[in-house]
Amino acid sequence: MIPIASPRIGKAEIDAVVGVMKSGNLTQGKVVKDFEEKFSSYIGSKYGIAASSGTSALVVGIEALGIKEGDEVITTPFTFIATSNSVLYSRAKPVFADIDGKSFNIDPVSIESKITDRTRAVLVVHLYGQPCRMGEIKRICKDHGLLLVEDCAQAHGAEYEGKKVGTFGELSMFSFYATKNMITGEGGMVLTDNEALAGKVRVIVNQGQVNRYDHVMIGYNNRMTDMQAAIGLEQLKRLDSMNKKRAENAKFLSEELSGISWLEVPFVEKNAKHVWHQYTIKVPEGKRDKIFDCLNSKGVGARIYYPKPSYLQPAYQALGYGKGICPVAESVSKRVLSLPVHPSLTKDDLVKIVETVKSCR
Ligand SMILES: Cc1ncc(COP(=O)(O)O)c(C=O)c1O
């Protein structure tokens, strides 16, 4: 089976983790600090605060922004559930804007149509590694006095108009979950240029503690460990080359698949550097599940990201969200199919993916 993801863990990562274990410091120490500094500087942000996962990073970030009960946060429903869950954890309300059916990212026009007196923030997701249209989104946030938050869980190193994602908003979040473009197993980070906000995040992530046993608020234990950070430091050194390989794989797939009349290869935004966390094609509605089964039965580990918009999940239906909020997201979720694009694919793997897709009509 050609897997949808394949973590690239080499001797460097293994040696780095063993080094931490031998040091005896199994919790958070100077390796996390080093990782925070190197990752934030790679992205181009002043401050980085590591966390135990992308979700826990987003939760503390949203809380640090002061988003609370009664506030609305406009976000996309076409993403992993953790994006909108992080709004609900702070008792605010996720308001779902529709997506652009070509890029799969939140549609700036729909964002504008969802703004009310209660809107505090816009939370965008650079889905599959493709940047959102940040120029337009930044302008909307500025015009309406809204905070801009970026979920960059799938977009390490992606750029919009030459600027890395994670640097457009007040605050951004990255995930280093084991399938991401760079990994620490589980792990995440909050980035911001705002010193006061960074300070708040650092307190919330660590039990609301400002000095030892001096707890000024109810925080969490959402800390990253030095072992995770040791993996992250090694991965960061290879991120650009791994992203380059993803882009080459995507180029090959698009060249080989673009002649097939019954599928649509991924669209890439103008002015965007896509980092191909996923390579997602669109197939006809009603045929997708059959094609998915066929690919998997023939050894190509295709996946469906995501089979329904977040608000159609039972947990959200129970909160009163109904059908029809975002028609484009509802339609697209019935047509998407992600093919392996990760950097460990060989030329033979790529050829097999193409041939298998052709045979699965
Ligand atoms: C878009 C998006 N947001 C948030 C998350 C949550 O990150 P984590 O799994 O590290 O908690 C993920 C990762 O799965 C994701 O893909």
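In this chain, numbering begins with 1 at the start of the sequence shown. Numbering of ligands and ligand atoms starts at 1, following listing order.
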K163 NZ/CZ over F168 ring centroid, <6.0 Å and within 45° of normal:
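Output yes; distance and angle both within limits.
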Can a salt bridge be assigned to the pair R133 and E136 using a cut-off of 4.0 Å between side-chain N and carboxylate O?
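Salt bridge flag = yes for E136 with R133.
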Kindly state each residue pair satisfying ring pair (Phe, Tyr, Trp, His ring centres under 6.0 Å) with at least one member in residues 232-269, sequence neighbours excluded.
none
Quick one: ring pair (Phe, Tyr, Trp, His ring centres under 6.0 Å) pairs with a partner in residues 28-55, sequence neighbours left out?
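Every pair satisfying ring pair (Phe, Tyr, Trp, His ring centres under 6.0 Å) with a residue in residues 28-55: F35-F176, F39-F174, F39-F176.
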Could you please provide the protein residues found below 4.0 Å of ligand 1 on a heavy-atom basis, arranged by chain and number?
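Within the 4.0 Å shell of ligand 1, which is judged on heavy atoms, sit S53, G54, T55, T79, F80, A82, T83, V125, D151, A153, Q154, M173, S175, Y177, K180, G187.
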Using a 3.5 Å distance criterion without hydrogens, assess whether the side chain of D226 forms a donor-acceptor pair with backbone atoms of N25.
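Not a single qualifying donor-acceptor pair exists.
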How would you list all residue pairs meeting disulfide (SG to SG under 2.5 Å) that involve residues 95-188, not counting sequence neighbours?
none
